[in-house]
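Numbers restart at 1 for each chain; the letters A, B, ... are given by sequence-line order, proteins then strands.
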Protein chains: 2
Amino acid sequence: MKDRISAYDVAEKAGVSQSTVSRVLNNYPFMKETTRQKVLTAIEELGFTRDEIARSLASKKTRTIGLILGDITNPFFSESAKVITRKAQEMDYNVILCNTNHSEENLNKYIQTLMGKRVDGIIIASADKDNQKIKELYDKGFPIILYNSIMEHDHANYIAVNNYKGAQLAVEHLYHFNHREISYIAGPSKYVTTHLRNLGFKDALDKFGLKMNEKFIYDREFSYDEVYLFAKNLLNQQIRPTSFFASSDQMALAVLDAAASVGISVPDQLSVIGFDDIDLAKNQFIGLTTITQPKEKMAMLTLEKLVGLIEEKEHVDAPIQIVLEPELISRKTTGIYKP
Amino acid sequence: MKDRISAYDVAEKAGVSQSTVSRVLNNYPFMKETTRQKVLTAIEELGFTRDEIARSLASKKTRTIGLILGDITNPFFSESAKVITRKAQEMDYNVILCNTNHSEENLNKYIQTLMGKRVDGIIIASADKDNQKIKELYDKGFPIILYNSIMEHDHANYIAVNNYKGAQLAVEHLYHFNHREISYIAGPSKYVTTHLRNLGFKDALDKFGLKMNEKFIYDREFSYDEVYLFAKNLLNQQIRPTSFFASSDQMALAVLDAAASVGISVPDQLSVIGFDDIDLAKNQFIGLTTITQPKEKMAMLTLEKLVGLIEEKEHVDAPIQIVLEPELISRKTTGIYKP
DNA sequence: CTGTTAGCGCATTCAG
DNA sequence: CTGAATGCGCTAACAG
């Protein structure tokens, strides 16, 4: 690889100073049009592109944001990431993608790395509720927003759905379909979002005078394989639930997988409801009943707010905390229970 | 935000020079252990983290690679991205994710941006077969590898499956299941990979003495909605195919969606086979018959080779061109055709 | 309107 | 084994 062409080379060729080159690169308005053109043609002829690294060092801005998420293969995350990266491109930002596999150790490591890379801001889509690094950054005034994640403490910006209500909607739906034995794939309560869903689930049960069967509750890690095994095992018991509420569509898919593996048909013998409304849920071959999260809107909002924090980080008086409303979409995987 | 702590601050606190701090940061071996400790504790106490931007400028390495792909919501890409990012983290590289939505304009823009950001290398997972920028970069000796993408010309490194054979396997399978009317969701021939699959498809047809019905071929963009509409329309005709071969599982899903929408049951009335073997294909609720790509292996290889190019880019004598073998996995969406 | 100058925070010679 | 000096390629005052 031959040596890079610098702004000095361009300056020399155009017969101007390097700072003039810098000015045209930055669209400085008060310039003689002829010199701008001279520089522009020199840039063209040399095939010059500016070194963003040097630019970042000098300007203290990288126009890069970090996006940390739990699992990019979960459509909820990839669909969100798609919106965020598109929007970012429109706003002239790049995104560094970090996949934690739901491990807090990875999360902290990635935060560290991203800070080292001097990103202008960070979006975190899977944060443990008591993570200290996030709190520290927030308190320092660093632009950081949680996407569908909430902290125990109030030291954070977040944009999320009303998870409590979402869970209630799910239980209501199942109850009205005559289900009394509901298995709940909750996920670990180290996330506030799942914690809130758990609360919503329990309160809804109470409301309908239903008792909770601890054996029907899965509260371990978000792992497709583990949930699959859990569901399969449950479905093989004498006394088994008539329905499942999974706190993500991905996990609902694992339940469907398990049901198919033991020959239980959905929705005739088992109802399944998810959470997220991933694109696949709409697929009529599957038709997953689920709770919508307004992903697109959430993702757009998150990026807009983040860029807002980055570009005018004066008034960080109150945290940004937005909660959107979920909705139930009934499709083919839930049906009326007939004993 | 208070001012950053620099290596000078650390140096001062430790009573050494900045270059010494730099040495411990870079694990320079020939140092007095006591000074190293002094520096280390100073770093600890100050909570110093080095500025990777400055480091990059000085060292001319960013330890960042660009990953350009067509659509992160297509599981084939997100599953590949997951492997690549994990592997990258292990090798101490970061990845900037770029989503082109299959537009060459975006592709070129992203390549430009990434070069500006001084990434050490680029992986491209959706490249138009005659893209000039890729050729230029390759010819300059810049580390760049195509992932499951091939160029018309030979100026490129790539790692891909034998797409030609994959398509043949699919047709063979369908043929042995008595299907004679096969619709093929090909995708645009601007990609060599799809072009090769098209060839494989046609040759297999010839081999079995089958005629190709042009109306059964979809050769436009990879768009879920368009494929859905195409398939739905076809399935509503008097004369309709008895089977579909889709050149990605994502598109196969669109076909299943369309079939469900018109009440055609799979595999009784219609067989569907995909390509990629995304995780979801294994889901027994769906059970998509498909052609495997050894994603994991391909992704690992790609990153290893790329890092190889980056870190020892002396012997770039011959291009890296690796072709892996696909395999057919028969599941539930294909069955024997009974007229 | 444009040139000069001084950093940005490190890595990297070169001395010692 | 360690310090001083220089520069990576650009931005951002400050002059003029």
Measuring from the side chain of [X] (C-beta onward, heavy atoms only), which nucleotide among [options] has the closest atom?
X	options	answer
Phe48(B)	dC10(C), dT2(C), dG9(D)	dC10(C)
Met31(A)	dG3(D), dT2(C), dA5(D)	dT2(C)
Ala54(B)	dG3(C), dC10(C), dG9(D)	dC10(C)
Lys60(B)	dG9(D), dT11(D), dC10(C)	dG9(D)
Ser22(B)	dG9(C), dA11(C), dC10(D)	dA11(C)

Any donor-acceptor pair under 3.5 Å between the side chain of Ser19(B) and the base of dA4(D)? yes
Determine whether a donor-acceptor pair (one donor, one acceptor, N or O, separation below 3.5 Å) exists between the side chain of Arg118(A) and the base of dG9(C).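 There is none.
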Rounded interatomic separation in angstrom, taking [atom1] from [X] and [atom2] from [N]:
X	N	atom1	atom2	answer
Lys61(A)	dC10(D)	NZ	C1'	14 Å
Asp9(A)	dC8(D)	CG	P	11 Å
Tyr8(B)	dA11(C)	OH	P	11 Å
Gln18(B)	dC8(C)	CD	P	12 Å
Arg36(B)	dG3(D)	CZ	P	14 Å
Leu57(B)	dG9(C)	CG	P	12 Å
Lys117(B)	dG9(D)	NZ	C1'	15 Å
Asn26(A)	dG9(D)	CG	C1'	13 Å

Short side-chain N/O contact to [N] OP1/OP2 from [X], under 4.0 Å:
X	N	value
Ser6(A)	dG9(D)	no
Ser59(B)	dC10(C)	no
Arg50(A)	dC10(D)	no

Distance from [X] atom [atom1] to [Y] atom [atom2], nearest 0.5 Å?
X	Y	atom1	atom2	answer
Leu137(B)	Gln132(B)	CG	CD	11.0 Å
Leu146(A)	Tyr191(A)	CG	OH	12.5 Å
Ile68(A)	Ile124(A)	CD1	CD1	4.5 Å
Ile159(A)	Met300(A)	CD1	CE	12.0 Å
Met31(A)	Thr35(A)	CE	OG1	4.0 Å

Assign each of Lys32(A) and Ala58(A) to its nearest nucleotide of DNA chain C by heavy atoms, then name whichever residue's nucleotide is nearer the 5' end.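 Nearer the 5' end of the strand: Lys32(A).
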Within the 4.0 Å heavy-atom criterion, would you say Val21(B) contacts the bases, only the backbone, or no part of the nucleic acid?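 Counting heavy atoms under 4.0 Å across all strands, no contact is made by Val21(B).
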Using a 4.0 Å heavy-atom cut-off, does Ser56(B) contact any base of the nucleic acid, only the sugar-phosphate backbone, or nothing at all? nothing
Pick from Asp71(B), Asn99(B), Asn74(B): which one makes a side-chain hydrogen bond (donor to acceptor under 3.5 Å, both in side chains) with Lys82(A)? Asp71(B)
